[in-house]
Structure formats: structure tokens, C-alpha cells
Amino acid sequence: MSTAPVVAIDLGGTKIRAAVIAATGNIVAEDRRPTTADKGRDAVLEQMTESARHAIALSGLPEGSLAAVGISAPGPCDFDRGVLLQPPNLPGGEAVPLAALIEARLGLPAILENDANAAALGELRHGAGQGARHLIYLTVSTGIGGGLILNGRIYRGADGSAGELGHVTVDEQGPLHTCGMRGCLEVMASGTAIGQMGQRAAMAGRSERLTRAAERGEVTAIDVHDAADAGDAAAIEIVGTASHYLGVGLASFLNIFNPDVIVLGGGVAMAMGVQLLGPAFELARSRAFDLPARTVRFDTGRSKVALKSAASRSSRARASASRKSEPGPYVLGSAVPRPRRSIRPCTMLWMVESPDPAGLQSSPEETSVAAHRAQVAARLQDLLTLGPEENPLARLAKLGASTPGGVLALVDALGANRGEAAGRILASVAAQAPDKALRKAARRGLHRLRATGVKVADPRLAAVSEPVRDATLEVAHSGEAHATPPDGNGSRGVWLSLERPSGGVVVFGLILNDSVGVSDASYRETTRKKFQQTLRSWRERGDMLLVSLPVQYALALISEALAHNPKHGTPIPTELQLHRRDLGELPPPPTDALIHTQVSRGQALLMPNLFEESPRLLVEEEMKDWYFDEEAVTTRALELQRLRESRIVLSGEPREVRERRIVDAAIEALFTPERRRAVRRRLEEVAWVFWQTGRERAARQAVAAAFPIEDGPSTRHPFVRALVEKSLELALEARRAGLDMARLRHAPAEPLPGQP
């Protein structure tokens with residue numbers, strides 16, 4: 001067996017992980033980065049190569065000391081030739097000679113293994129399956145995959161495609177999967193399936209928490225898990241459904257294979273834990289034959305973060321020094337050279353959780369690794385003594401020149417230091433380093449610190465907390481802005497696309513609330529064409545109604561919202577703080593609403609019927625959710641209910657007069673001066689939406705209703721009265737039906753009483 005370290009690369013759907021690993025299974029150095037499959041095959045191969053090179057650089061090992069490269073990848077493989085067949089994460093062809101391509105880039109012999117098989121071997125040799133002869137590894141993540149170990153060897157089947165455990169049918173009447181079968185385990189219990197069930201529950205109004213998650217985007221399995229943890233009934237039911245079908249599948253595996261151990265891994269299984277797996281294990285034992293049910297042990301993976309863990313195939317490793325080339329049998333477009341190799345048996349170890357290798361003495365190479373680690377640790381102590389007035393980048397560059405692995409090794413060590421001083425240095429590097437790779441490495445280090453509970457003060461936030469005065473950093477306010485109608489809580493989405501003076505486009509997505517300020521923000525760099533494509537896609541799918549705004553007005557709305565944040569103690573979203581300089585110097589809040597460039601108060605007064613007609617606005621689609629929530633009107637709604645149900649007359653006043661008095665009391669309690677101002681602003685902003693979408697009369701009605709809200713008694717305002725009356729009726733209807741009032745808000749709109 002070779003005692004030289006190896007490089008392992010795991011190709012995932014969203015991320016790539018590379019590691020340098022000693023022969024005993026100890027991780028020497030590692031790197032992670034996104035897969036970028038949307039950019040094509042070459043981009044993915046480049047990411048894999050750069051990740052491996054970075055891990056090698058971090059290890060500080062001399063060139064020529066590594067034995068081989070092990071690659072784990074999803075999909076069926078031609079293991080003998082190192083070809084990935086029908087690769088899901090490498091677009092551009094039906095077969096990719098992945099081992100040959102990576103071998104040519106890194107200059108090391110490369111071995112390819114299916115990721116589930118690699119994980120199964122990892123658990124068998126170094127994880128939860130140690131000592132077993134028969135093991136099943138099942139990964140529950142975006143999809144469901146599996147690896148089979150029978151009699152201590154990977155079971156591949158006749159053509160290498162065995163182990164597709166996610167496509168075992170568990171409900172023949174279930175939904176159709178892209179594989180062509182109905183009710184397979186993957187379509188019933190994977191992370192994707194759980195997210196889809198959550199999305200349907202949200203659309204049906206069965207869960208308030210999942211509905212909020214759906215408003216932020218597609219519901220995920222983690223959203224369902226969090227909702228179930230919080231006691232949400234619909235989410236608990238969804239997790240129970242997925243757990244049931246997972247248990248049905250596990251019972252089948254027990255009866256067919258009679259394994260010693262079944263190991264569950266994957267991001268969804270690890271995140272949901274006992275909530276998903278506990279009932280599944282119990283059901284599997286109850287449904288399986290007695291003997292395999294008593295024999296089996298269920299366990300979860302030991303590998304880091306449930307990644308495809310650990311050991312590669314044996315019987316391939318170091319190549320001979322001299323090689324000749326011959327064309328490979330699987331070629332995309334043109335022949336790819338396939339080096340002829342002379343390989344002697346060894347075991348390559350991938351991505352296993354193991355003790356720190358500093359104490360290893362099993363080989364000269366590992367002794368060298370320990371020495372390099374000691375040097376990095378010594379330089380790190382020098383770096384952590386940095387004074388507050390010193391420049392972290394200058395000290396880092398100076399120490400990196402004499403450190404094995406250079407500055408990247410020091411940055412990686414900072415991420416593992418678990419100290420606030422390390423966090424301050426990493427934050428400065430992430431914000432100021434001229435090298436992109438160094439900034440990314442520092443951000444990864446910060447993420448590691450935060451994940452372990454270390455409070456990291458990011459100096460980037462302080463750097464942009466004050467308005468930027470440097471004109472060279474400001475963008476010319478040329479671009480475009482779009483907004484959604486305000487909802488009943490005063491929130492609306494604003495998308496602002498600004499062109500940089502130096503080229504390119506930055507897009508801000510903001511949620512503005514007329515009471516609390518800017519409540520959420522996103523930021524991305526793109527092109528004008530891509531932004532336009534996104535807008536067209538939203539409009540074609542009917543996801544949301546968007547109307548155009550002048551850029552200066554949108555900036556003024558942001559300025560207005562930001563003024564509310566400190567008043568209400570609402571933190572400014574991090575993305576906005578980090579990139580606020582791209583907005584330049586904001587104009588003051590708007591002195592007048594945009595609609596008044598088209599409709600003035602005088603014009604509205606020229607048509608006196610508009611004010612009386614304003615209750616008709618409540619049947620417009622954009623105003624369906626403007627009603628007050630049940631909690632705000634419960635007291636008055638109950639008074640109204642008791643009055644209507646009582647047959648005892650204790651007053652000489654007609655019932656209609658007493659009902660009006662209850663409504664008047666509700667209006668006076670609800671319409672405080674602050675709420676009057678807020679509703680006026682909402683009416684003015686929704687009036688612009690009506691105007692832009694061709695509903696000029698509705699726009700004029702909104703303007704006519706907006707002015708008097710602050711001027712006179714609210715009890716005499718027809719729009720205000722209709723709004724409160726409808727809120728009371730909805731609260732009573734919800735109580736009678738035993739429903740959440742929020743579900744009734746989105747029922748098809750009906751005219752108010754007395755309206756056409």
C-alpha cells in the first residue's frame with residue numbers, strides 16, 4: 001500500500017470540494033467552491049482543477065509527493081475507463097472522459113468513482129459501517145441515491161448501474177418522476193419532493209409559515225423542517241408523509257439485501273435528523289421480515305457535513321514515470337489523450353473526518369506535513385498579534401512569503417482559529433484584498449467562524465455606513481426602476497437597475513415598508529439584457545405586477561424608507577449596507593407622490609362622485625389584502641356578533657344605529673394619526689399603479705380618497721368605513737368557518753353591498 005498522500009475531488013450539483021488526504025485518512029487541506037454548471041462543461045472542469053490546486057497549495061506539500069487523484073461524481077460511470085456517462089453536473093455531452101481530463105490538467109493519475117459508491121466505501125472503512133460486510137448507503141438530498149456494499153465489495157451490477165435505490169417504487173399511484181416512473185422513492189421523499197409538498201400547502205393556504213416562505217421564493221425542505229419544528233400542522237404532516245415513504249423503501253431494502261447496517265446521509269437527512277429518520281426507521285423494522293429487521297443497524301454518516309465521504313477504489317494509484325498516450329474511447333467533439341498507466345494497488349482516502357494530522361509519523365511525507373503545519377501555526381500567532389493601527393494585508397503578505405502554502409494557508413488557518421481576532425483580520429482581507437481568490441478564501445473563513453458561533457464584526461459594514469462622497473465611486477443615476485403595488489401592511493418590492501460609469505449594471509431588489517423602513521435587500525451584478533429577460537419572465541409567468549418608476553423617484557422612496565429604520569429600531573439589511581455606495585448620494589424623500597404629476601387634488605375635486613365611489617377600490621386585485629387582520633378587529637367583531645345574535649332589546653335605538661356606533665368605535669381605535677398618514681401614502685402609491693395599468697378612474701378615486709383621510713373625521717370617510725366594515729365581516733366569517741382570516745382575504749373579490 002502506498003503511503004503517499006492523494007487528492008480527492010467531489011463533484012456535486014451545487015459545489016465542488018477538493019482535499020489532500022494522507023494515507024491514514026487524515027485531511028491535510030481542503031477547498032470548496034461552486035460548481036457553476038450553468039456556465040458549461042469547461043467551466044466545471046476549471047473549477048475542479050482550481051479547487052484541487054488550491055487544496056494542494058494549502059497543504060504545503062512539495063511537487064511530486066502526491067500519488068493520485070480520486071474523483072467522485074453523480075451518475076452512471078464506466079469505471080475501467082474513467083468515463084462519466086450521462087453526467088447531470090457536466091453539461092454538453094452524453095459521456096465525459098472525466099478521469100482523463102482531470103489527469104491531463106493536474107498531471108496525476110486519476111480514478112473515477114460514482115459518488116454514492118464512494119460514500120458507501122467511506123462509511124464502510126472509516127465511518128458508521130466499520131466492521132460490517134454488507135452495507136447500504138442511502139443519501140437523501142435534492143434527490144435520493146444509493147450505494148451497495150455486498151461481501152465487502154461494491155456491487156455494480158451487470159453494466160455498472162446498480163444501486164439506483166431512489167427509483168424503487170413506493171407508491172404506484174404517486175406522481176410521475178422525470179425518470180419515467182410513478183411514485184418512486186425520490187419523487188415521494190427527497191428534499192425536492194418535500195419542498196414541492198410545502199409549496200402546494202402554501203398555495204392552498206394551509207400554512208401561514210410556508211406561505212411566508214413561498215413569498216420569498218420556492219419553498220424548500222429546510223423551510224418545511226423549520227415550520228414543523230415550530231409546530232406547524234401542515235409541515236408536520238408533510239414530514240410525516242416523506243418519512244412514511246422513506247420507511248417503505250428501507251423495508252424493501254432490508255428484505256432484499258439483509259444488510260448489517262444502513263447508513264443515511266445527504267443534506268436533507270442530516271438537516272432534518274430524527275424528525276425525518278426516526279419514524280422511517282421504526283416503520284422499516286415493522287414492515288420488514290423479523291430476522292433482517294433484528295439484524296440491521298441504522299446509522300447516520302460520520303463524514304463531514306454528510307458529504308460523499310471517504311475512500312476510493314483500491315487497485316489504482318501511482319502511475320509510472322514514463323507514459324505514452326492513446327485516444328480515449330469516449331470523446332466529445334475531438335479525441336482526448338488518454339495516458340497509458342502502470343498502476344500498483346493502494347487505497348486512496350477521500351474526505352473523511354479524522355484527527356489533526358500533526359501527530360502522524362507513518363511516512364516521511366506525513367512528517368513533512370506536520371512540520372509545515374507547525375510553521376503555519378507559528379506564523380499565525382505572529383499574525384494574530386496585529387495591532388489595531390497596522391494593515392492586515394501588509395502583515396499577511398510579509399508572513400505569507402515565508403509560510404508553506406503562502407497567504408492562502410494563513411487565511412485557511414485563520415478560519416480554523418475560532419477567535420474574534422482572526423475574524424477581524426479575515427473581514428479586512430475579504431473586503432480589501434486585491435486578489436479575488438484571496439477574498440473568496442477569506443469569506444469562506446468567515447463563514448466557518450460564524451458557523452461555530454464566533455461573533456465576527458465585519459468592517460465592510462462600517463466602511464459604508466456613512467454616505468459616500470467620493471464622486472468616482474458613485475454611479476450615474478441612469479437605468480430603470482420597477483415596483484409592485486403596496487400591500488395592506490405598506491410593503492412593496494422595488495427593483496432598481498443602475499448602470500455603472502465604467503460599464504455593467506447593478507440591480508438592487510428592496511422591500512420597502514412605509515412604517516419600518518427597508519426590511520429586506522438583495523444585490524447582484526448583471527447586464528441590462530439579462531435584467532430585461534428576468535422582468536419579461538416575471539411578467540409572462542404572472543408572478544407579480546410591476547410598474548415603472550422614474551429612477552430618481554425610486555431613490556427618493558429608498559431615502560424615505562431608510563429614514564424609518566432608526567426610528568423603529570429596524571436594522572438596515574446587510575446587502576444594502578455593503579453595497580450602498582453603488583446607490584450614490586440619495587435624494588431627499590419625495591415631497592409629493594408620483595401620481596400628482598398626472599392627477600392633482602383640484603382635478604379630483606372637480607369630480608365629486610369620485611370620493612363617494614372610493615369604496616369600489618376594495619374590489620381591485622391590488623387591494624384584496626388591505627383589510628385589517630383578525631387580531632386588530634376581534635373585540636369589535638365580537639360586539640357586532642353579540643348584537644346580531646341577541647333577541648333581547650335593551651335600548652330604544654334601532655339595531656342599525658347600534659351597529660354604526662360599533663363600526664365608529666372600531667374606526668376611531670384603528671385610524672390613529674400615524675395610520676392615517678400611512679394609508680394616505682398607500683393610496684397615492686397604488687393610484688400610480690392604476691394609472692400605469694390603464695385604470696384612470698380607479699387612479700382618480702384613490703387620489704380623491706387619499707387627501708381627506710388626514711383632513712376630517714375618519715368615521716365620515718366612505719373608503720375608511722368600507723375598509724373597516726369589510727374587515728369586521730371577514731373576521732366574523734373566519735370565526736364561523738374556523739379558518740384563518742388570511743385565507744379569506746385571497747378569495748375571489750365580490751362587490752361591496754350596494755355596488756354594481
Side-chain angles (χ1 to χ4, degrees), residues 14 33-34 36 38-39 215-218 426-433 436 439-440 442-444 446-447 450 456-484 491-513 516-535 537-538 543-544 546 548-565 570-587:
T14 58
R33 57 191 64 210
T36 64
D38 58 321
K39 297 181 180 179
E215 290 170 353
R216 299 191 297 268
E218 289 293 322
L426 283 173
S428 297
V429 175
Q432 302 170 24
K436 183 177 180 181
R439 293 197 301 272
K440 291 177 69 174
R443 288 196 294 271
R444 285 194 295 270
L446 286 170
H447 179 73
R450 292 191 186 99
V456 178
D458 194 334
R460 293 179 296 173
L461 301 182
V464 296
S465 60
E466 296 298 324
V468 177
R469 303 299 179 187
D470 185 353
T472 61
L473 294 176
E474 295 181 4
V475 292
H477 289 155
S478 59
E480 53 186 302
H482 306 270
T484 64
S491 293
R492 66 189 313 197
V494 174
W495 281 264
L496 187 63
S497 165
L498 299 175
E499 297 183 14
R500 292 183 183 273
S502 56
V505 169
V506 296
V507 176
F508 287 87
L510 306 167
I511 302 299
L512 309 184
N513 183 276
V516 302
V518 183
S519 59
D520 200 2
S522 65
Y523 172 91
R524 65 188 175 103
E525 298 181 9
T526 183
T527 63
R528 184 190 302 177
K529 181 178 179 181
K530 288 183 178 179
F531 180 61
Q532 291 294 336
Q533 289 173 343
T534 301
L535 291 177
S537 173
W538 285 345
D543 288 351
M544 64 184 77
L546 289 174
S548 298
L549 303 174
V551 171
Q552 283 299 115
Y553 186 75
L555 291 167
L557 289 178
I558 296 171
S559 179
E560 179 182 54
L562 284 172
H564 289 302
N565 282 78
T570 309
I572 297 174
T574 302
E575 284 294 300
L576 181 56
Q577 293 187 58
L578 291 175
H579 302 286
R580 187 170 171 181
R581 67 178 63 198
D582 282 324
L583 291 173
E585 190 167 358
L586 294 174

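No hydrogens, no waters, no symmetry mates; every other heavy atom, side chains included, goes into these values.
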> Any side-chain heavy atom of Leu496 sitting closer than 4.5 Å to one from Leu510?
Replying inline: no
> Under a 4.5 Å cut-off applied to non-hydrogen side-chain atoms, are Tyr553 and Val551 in contact?
Replying inline: no
For [X], check side-chain contact (heavy atoms from CB on, under 4.5 Å) against everything at least two apart and list the hits.
X: Leu562; value: Val518, Ile558, Asn565, Ile572, Leu576, Arg580, Leu586
X: Ser491; value: Asp487, Ile511, Asn513
X: Thr36; value: Pro34, Asp38, Lys39, Ala43, Gln47
X: Glu218; value: Gln199

>> Could you work out, with ring pair (Phe, Tyr, Trp, His ring centres under 6.0 Å) as the rule, every residue matching Phe531, not counting sequence neighbours?
In response: none
>> One pair to check against side-chain contact (heavy atoms from CB on, under 4.5 Å): Val507 and Leu498. What are the steps and the verdict?
In response: CA-CA 6 Å; Val507 176; Leu498 299 175; over 6 Å; no
[atom2] on [Y] to [atom1] on [X], rounded to 0.5 Å:
X: His482; Y: Leu549; atom1: NE2; atom2: CG; result: 8.5 Å
X: Thr526; Y: Gln533; atom1: OG1; atom2: CD; result: 8.5 Å
X: Leu583; Y: Tyr523; atom1: CG; atom2: OH; result: 9.0 Å

>> Under a 3.5 Å distance rule, please check whether Ser559 uses its side chain to pair with a backbone N or O of Pro587 as donor and acceptor.
In response: yes
>> Between Arg492 and Leu512 (side chain of the first, backbone of the second, donor and acceptor by atom type, cut-off under 3.5 Å), is there such a pair?
In response: no
>> side-chain contact (heavy atoms from CB on, under 4.5 Å), that's the test. Do Glu575 and Ser522 meet it? Break it down for me.
In response: CA-CA 6 Å; Glu575 284 294 300; Ser522 65; 5.6 Å; no
> Going through the distances and angles, do Val516 and His564 end up as a side-chain contact (heavy atoms from CB on, under 4.5 Å)?
Replying inline: CA-CA 5 Å; Val516 302; His564 289 302; 6.0 Å; no
> How far apart are the closest heavy atoms of Pro573 and Ser519, and which atoms are they?
Replying inline: CG-C, 3.9 Å
>> If you apply the rule side-chain contact (heavy atoms from CB on, under 4.5 Å), what do you find for Trp495 with Glu480, and how did you get there?
In response: CA-CA 8 Å; Trp495 281 264; Glu480 53 186 302; over 6 Å; no
> For residues 526-535, which residue pairs qualify under salt bridge (Lys or Arg N to Asp or Glu O under 4.0 Å), counting only residues two or more places apart or in two chains?
Replying inline: Glu499-Arg528
